[in-house]
Amino acid sequence: QKEVEQNSGPLSVPEGAIASLNCTYSDRGSQSFFWYRQYSGKSPELIMFIYSNGDKEDGRFTAQLNKASQYVSLLIRDSQPSDSATYLCAVTLSSARQLTFGSGTQLTVLP
Amino acid sequence: NAGVTQTPKFQVLKTGQSMTLQCAQDMNHNSMYWYRQDPGMGLRLIYYSASEGTTDKGEVPNGYNVSRLNKREFSLRLESAAPSQTSVYFCASSERGDEQFFGPGTRLTVL
């Protein structure tokens, strides 16, 4: 079992819809959770982080963390074509002061 | 602030050649990282340096060496390049080891 798993997609949503991206992790001791956005041919860019159970909102983005179920999700409201990218989930495992990345979910927002 | 910079942006090598990828950060971060990214594999950690003067292996260190030259600079060396090392290489830096900021990447092709 991979330590951090994401659906590879591709996930397609119409413009204006809510895009929901999910990530599960295997280490119950994980403390920090991050979402990166990566446009094709570019480097990953940090867009959200969450440390505590519950929701964290930043503009059109909401990160949700459920440590009991070991999943973290990212919701993008009012999706725009400019949101089309690969979204990487990253987790700080309890055994190391490093990030472990999922393989990413490719999102396409259709005009 | 330039953030994290990497050189070169592109490189083509022949099997057996050596090269060094350079990375520098101007955010006064303690930790620096080298990742490789291959299609469908996400980001995999090659080596990291938690602080100046220390380096540690990541998930895929074979065939690579690193040097933390000072707090700003962290280089990655391929002593004898192999086609399996064809990839995109990203350097990242972090203050505490979790929230990481990435450079623009180096696209390496080994023939």
Side-chain angles (χ1 to χ4, degrees), chain A residues 1-11 21-27 29-52 56 58 63 65 72 85-107, chain B residues 2-10 21 23-25 27 29-51 54-61 66 74 87-109:
Chain A
Q1 180 189 6
K2 288 184 181 178
E3 292 171 311
V4 180
E5 295 208 48
Q6 299 179 250
N7 281 336
S8 60
L11 172 67
L21 305 163
N22 299 312
C23 173
T24 59
Y25 58 94
S26 60
D27 184 351
S30 297
Q31 298 293 321
S32 309
F33 306 86
F34 301 84
W35 285 100
Y36 285 80
R37 177 178 62 200
Q38 186 175 24
Y39 292 115
S40 180
K42 301 295 185 182
S43 58
E45 172 193 11
L46 180 65
I47 56 171
M48 289 287 288
F49 59 88
I50 187 167
Y51 300 135
S52 305
K56 180 182 178 182
D58 183 1
L65 175 61
V72 57
T86 295
Y87 290 81
L88 300 167
C89 171
V91 175
T92 303
L93 302 181
S94 58
S95 61
R97 293 176 66 239
Q98 311 160 13
L99 287 180
T100 297
F101 285 83
S103 56
T105 298
Q106 184 180 346
L107 172 68
Chain B
V4 180
T5 57
Q6 292 182 236
T7 55
K9 287 186 168 50
F10 300 93
L21 282 64
C23 174
Q25 52 94 7
M27 295 175 281
H29 285 166
N30 287 315
S31 302
M32 297 186 74
Y33 308 82
W34 277 105
Y35 293 90
R36 61 178 288 173
Q37 188 174 38
D38 303 294
M41 300 290 288
L43 285 159
R44 293 185 291 170
L45 183 64
I46 304 171
Y47 271 93
Y48 68 101
S49 171
S51 61
T54 68
T55 60
D56 285 287
K57 295 178 180 179
E59 180 186 354
V60 288
V66 291
F74 188 38
S87 189
V88 181
Y89 292 85
F90 289 104
C91 177
S93 72
S94 172
E95 177 58 29
R96 295 184 306 272
D98 47 15
E99 190 176 343
Q100 295 183 15
F101 299 88
F102 285 80
T106 296
R107 293 184 179 276
L108 174 67
T109 301

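Reminder, nothing fancy here: chain letters follow the sequence lines and each chain counts from 1. Given the structure is predicted, the values throughout are model-derived calculations rather than measurements.
With a 4.5 angstrom heavy-atom cutoff, Arg107(B) touches chain A only via side-chain atoms. When heavy atoms are compared at a cutoff of 4.5 Å, Phe102(B) approaches chain A by way of both its backbone and its side chain. Neither the backbone nor the side chain of Phe33(A) comes within less than 4.5 Å of any heavy atom of chain B. Only the side chain of Gln37(B) comes within less than 4.5 Å of a heavy atom of chain A; its backbone N, CA, C and O stay farther away. Only the side chain of Leu45(B) comes within contact range of chain A, with heavy atoms under 4.5 Å apart. Looking at Gln38(A), the atoms closer than 4.5 Å to chain B (heavy atoms on both sides) all sit in the side chain, from C-beta outward.
Counting non-hydrogen atoms of other residues, nucleotides and ligands closer than 6.0 Å to CG of Asn22(A) gives a total above 12.
Between the side chain of Ser43(A) and the backbone N or O of Gly103(B) there is at least one donor-acceptor pair closer than 3.5 Å.
Distance CD/Glu59(B) to CD/Glu3(A): 7.5 Å, rounded to 0.5 Å.
Residues Phe34(A) and Gln100(B) are not in side-chain contact: their nearest non-hydrogen atoms beyond the backbone lie 4.5 Å or more apart.
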